[in-house]
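Below is one structure, written out as structure tokens, with a few remarks after it.
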Amino acid sequence: MKNRKNGPALDLFRLTAALLVIAIHTSPLAQWWEPADFWLTRVLARVAVPFFLMVSGYFLALGGWRRQKLKRFWAKTALLYLASVLLYLPLNLYAGLPPLGEGIKRLLFEGTFYHLWYLPAALLGSLIACGLNRLGLRFALPIAAVLYLVGLGGDSYYGVAAAIPPLRAVYDGMLSLIGYTRGGLFMAPLFFLLGAAATRWNPGERASAAGFLLSLLAMSGEGLLLHRLGVQRHDSMYLFLPACMAFLFSFLLCRNTGEDKTARTVSMLVYLLHPWIIVLVRGGAKVIGLEQMLIENQGVHFLAVSVLSFGVAGFLAGFRPFAKPEPTARAWREIDLKALQHNVRVLKEQAGPGCGLMAVLKADAYGHGAVPVARALQRQGIVKAYAVACLQEGIQLRKAGIRGTVLILGYTHPDEARLLSRWRLTQAVIGEEYGRQLSQAARGRKIRAHLALDTGMHRLGVPSWDIEAAKRLYQLPNLDFQGVFSHLGVSDSLAPEDMAYTAEQVSAFYTAVMNMQAEGLGTGQLHLQASYGILNLPAQPCDYARVGIALYGVYSSWGPVQRRMDIWPVLSLRARVAAVRELEPGEYAGYGRAFQAERKTRLAVLSIGYADGLPRDFGERNGEVLIRGQRAPVVGRLCMDQMLADVTEIEGVKGGDVVTLIGRDGASLIRAEDLAEQLGTISNEVLARLGSRLPCLCL
Ligand SMILES: *Cc1c(COP(=O)(O)O)cnc(C)c1O
């Protein structure tokens, strides 16, 4: 089910990019064949810096270009720049400081040492990109592309532009001010925005690979030709570079799962430190008299600089004073986002044509982590509407950059009307009195609303027969009704009397909708069925199905349904063996002496407890866990943060071993439905109760 080729492709490519940057500054093939070296270092390696810019743009866009994110990016980059300026000051002093004007130009645009131009470019470029992005990508990208074209004339196409005297004067004037056109003004904004566009545009793995190879070929031809013609003033920008980058990036994204923070740190350190290493290698070679071998042979020089740079960076990355703990340190939830996206495709197909999915992300997406789940859905692009239980959950999604409808299914105090409109959230209007209060509290702001109809569950909603009430609600000045929905109380049951009840609810819903329309009330988007509505009812003439539990690849229970679907469980719950101990017959373990060994027993202490969402009497309910691919019974009473399992029958269990509470381990599998059955509840409850201190590890 899982594609083993996938890994943190984005982070790993940073290492390649760092290596390419070293190549640019050491020209490894120059001695062997100059055109090959030109191609490697002045064409191929030119993907490195745009890649770093695109990654930043990608993550800024994922964060919705929020001011706070941009501020953090800016602060981090500025700090890095400051540190680098200081780091290279000794070399600047050695070379002799430039005059003041030249110094300021370098500090603001070119970077104070040859490789450092990237940092001021990222600082200026991110601001311009963010500003342009306000216009929407549709306008921002073409504007950034025009800037890039202007930049080309001061870079690879200088000779072409300079053939026209007035243009030459303009470029020469500009270049004397900013040094190069590669940089924050002309080059960086386009790549930031292409990174942002990659959150929406992805032609798929194969098309991306083909697109990359073709555009690289085109760029190679372009680069070699321009080089031959001798028109380049500099060689950072090509006409085909943006296409090359867009395809390369989408290809990497197709393969990208998870992250590798060490690779990030190492690549950044290699980038910052390698010029110092070059100086040291040269100096060192002179001192020990190996100039011939270490400097004049440029291939060896490149290797020596690379090995030393990566060595030093790897060593420094080992000191991680601010590192956060790995998510797998104690107990964690593993979230298989590919399975989630698969379930979306299956459910969309089942819901029928014209019926979209509204992903129900309440209770932290049933314990799966609302933000990573919502982002994966948004990336996939099929789901365009989301439902949550409360205001706080809705704001959390907006802050994470989620666009589209976010419907609050439950109660929001009318006094919060301002926040509803501020975050463009849609409120379920759950009764007539409530609607009046909300409209009044809105004080002229328009509140997006869906009308909840009670068709027989008698929980929330306006009685579906009361069309007059609906009419009065629609006349309220501040509510903007964009949809009508109801909820089914027993659609998970195939008992004949339950099915009859559901049929009545369904017909009450459509009757109400028709009556409302007859009264001239716009009913907007209709939605009625939840997961079991899809599993047990025929396709409905609605705009959405509100899918919760099935989205996560899980049934509420193993009870019968009309249609089983090929949905895949998304969540696994894992912990670690904290310790293994031997008990003699008759000895007790745990609180309340709830376990007594009847034989010589080996107990594993597991690093998860009732604070993580498992019930305290899990052992008495015949709970089991998987260790080394085998089942181990849970014994004794659960503690807040620990529990015990009998591993007498399992060979070689030791501290640090991974324990599976939900999910697969080797040939064994525990499904959430099994666990729910043991605990006498439904899987919805088991998942929603998972403790918030369990980190989510997204695969
Ligand atoms: C929770 C909820 C859903 C989702 O239900 P599932 O059975 O998990 O798909 C749909 N609609 C409403 C109103 C809900 O409260």
Side-chain angles (χ1 to χ4, degrees), residues 340 343-344 346-348 350-351 355-368 370 373-374 377 383 385-391 393-394 397 405-412 425-431 434 449-462 464 483-494 498 502 505-506 508-509 525-537 540 542-559 561-565 567 569-571 672-673 676 681-690:
L340 176 81
N343 298 339
V344 166
V346 170
L347 288 163
K348 174 77 188 71
Q350 275 294 334
C355 185
L357 300 181
M358 182 183 280
V360 181
L361 304 182
K362 60 194 181 191
D364 204 21
Y366 294 42
H368 290 63
V373 165
L377 295 173
V383 170
Y386 309 85
V388 293
C390 61
L391 178 63
E393 291 177 336
L397 292 187
T405 302
V406 174
L407 172 64
I408 300 177
L409 295 167
Y411 179 78
T412 304
L425 301 167
T426 306
Q427 175 61 44
V429 173
I430 54 179
Y434 177 76
H450 280 202
L451 180 64
L453 290 178
D454 176 12
T455 51
M457 189 169 166
H458 301 322
R459 188 175 68 175
L460 300 178
V462 176
S464 60
V484 177
F485 74 101
S486 186
H487 193 43
L488 304 172
V490 282
S491 62
D492 58 340
S493 167
L494 296 186
D498 287 336
T502 299
Q505 277 201 274
V506 171
F509 178 66
Q525 285 157 341
L526 303 179
H527 41 109
L528 175 62
Q529 37 183 3
S531 296
Y532 274 79
I534 294 191
L535 292 166
N536 287 337
L537 298 181
Q540 297 293 310
C542 282
D543 297 280
Y544 293 118
R546 297 182 306 271
V547 282
I549 195 70
L551 188 63
Y552 308 107
V554 175
Y555 298 92
S556 292
S557 71
W558 286 129
V561 289
Q562 294 284 11
R563 280 177 291 281
R564 290 251 166 240
M565 296 184 298
I567 49 176
V570 174
L571 178 139
E673 294 91 334
T681 179
I682 54 174
S683 51
N684 311 42
E685 183 184 343
V686 172
L687 294 170
R689 274 182 189 277
L690 291 179

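Atoms within a ligand are numbered from 1 in the order they appear, just like the ligands themselves.
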Under 3.5 Å, sequence neighbours excluded: what are the donor-acceptor pairs made by side chains of residues 359-368?
{"residue": "Asp364", "atom": "OD1", "partner": "Ala370", "partner atom": "N", "Å": "2.8"}
{"residue": "His368", "atom": "ND1", "partner": "Ala365", "partner atom": "O", "Å": "3.0"}
{"residue": "His368", "atom": "ND1", "partner": "Tyr366", "partner atom": "O", "Å": "2.9"}

(message) If I take atom OG1 from residue Thr426 and atom CG from residue Leu409, how far apart are they, to the nearest 0.5 angstrom?
(response)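 Separation between the atoms: 10.5 Å.
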(message) Using the side-chain hydrogen bond (donor to acceptor under 3.5 Å, both in side chains) criterion, which residues pair with Ser557? Sequence neighbours excluded.
(response)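 By the side-chain hydrogen bond (donor to acceptor under 3.5 Å, both in side chains) rule, Ser557 matches no residue at all.
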(message) Once side-chain hydrogen bond (donor to acceptor under 3.5 Å, both in side chains) is applied, do any residues pair with Glu393, and if so which ones, sequence neighbours excluded?
(response)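 Counting only residues at least two positions away or on another chain, Glu393 forms no side-chain hydrogen bond (donor to acceptor under 3.5 Å, both in side chains).
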(message) Using a 4.0 Å cut-off on heavy atoms, what residues surround ligand 1? Order them by chain and number.
(response)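 These residues qualify: Val360, Lys362, Tyr366, Leu409, Arg459, His487, Ala530, Ser531, Arg546, Val547, Gly548, Ile549, Asn684.
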(request) Return the minimal non-hydrogen interatomic distance between Ile549 and Ser531, and the atom names on each side. (result)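 Heavy atoms of Ile549 and Ser531 come nearest at N-OG, 3.4 Å.
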(message) Which heavy atom of Leu407 sits nearest to which heavy atom of Gln427, and what is that distance?
(response)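 That would be CD1-C, 4.1 Å.
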